[in-house]
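The residues of the chain are indexed from 1 along the displayed sequence.
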Amino acid sequence: MASNIIEQENLAEIGDFINKIETSKQQSTLAQIEAINKDNERQYDYALKKLVSSDKKW
């Protein structure tokens, strides 16, 4: 019976550890997505300004 309790505690600790790792991965992925989104917006704004500038020359 004591062995079973220890195993359950170990499994709970392992589960908490896995949860922390997965949360960390998700936060990292979200940060990458946000950075890519900002970069895409910056590139879009630059292309739009370049297009408007080009149109003004005509």
Side-chain angles (χ1 to χ4, degrees):
M1 183 67 97
S3 172
N4 192 19
I5 292 173
I6 292 172
E7 288 176 12
Q8 288 177 355
E9 288 175 359
N10 286 342
L11 288 176
E13 289 177 14
I14 291 169
D16 289 342
F17 183 71
I18 291 171
N19 186 36
K20 288 177 184 176
I21 291 172
E22 290 302 317
T23 299
S24 176
K25 283 189 208 175
Q26 290 172 0
Q27 289 172 342
S28 175
T29 301
L30 182 58
Q32 288 176 333
I33 290 169
E34 289 172 348
I36 290 169
N37 186 43
K38 287 179 183 178
D39 187 51
N40 288 347
E41 287 177 3
R42 183 188 57 77
Q43 290 181 24
Y44 173 81
D45 290 341
Y46 173 77
L48 185 60
K49 286 178 184 178
K50 189 174 178 182
L51 179 64
V52 168
S53 176
S54 177
D55 282 348
K56 286 181 181 179
K57 291 179 184 177
W58 291 100

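A donor-acceptor contact shorter than 3.5 Å is absent between the side chain of S24 and the backbone of K20.
Using a 4.0 Å cut-off between a side-chain N of Lys or Arg and a carboxylate O of Asp or Glu, D39 and R42 qualify as a salt bridge. Electrostatic pairing of E22 and K25 counts as a salt bridge here, judged by a charged N lying under 4.0 Å from a carboxylate O.
Separation of atoms CD (Q32) and CG (L30) is listed at 10.0 Å; rounding is to 0.5 Å. Here the NZ atom belonging to K49 is positioned 13.5 Å from the CG atom belonging to L51, to the nearest 0.5 angstrom. Between I18 atom CD1 and L11 atom CG the span is 9.5 Å, to the nearest 0.5 Å.
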Item to check | Derivation and outcome, side-chain contact (heavy atoms from CB on, under 4.5 Å), residues K56 and V52 | outcome: CA-CA 6 Å; K56 286 181 181 179; V52 168; 3.8 Å; yes
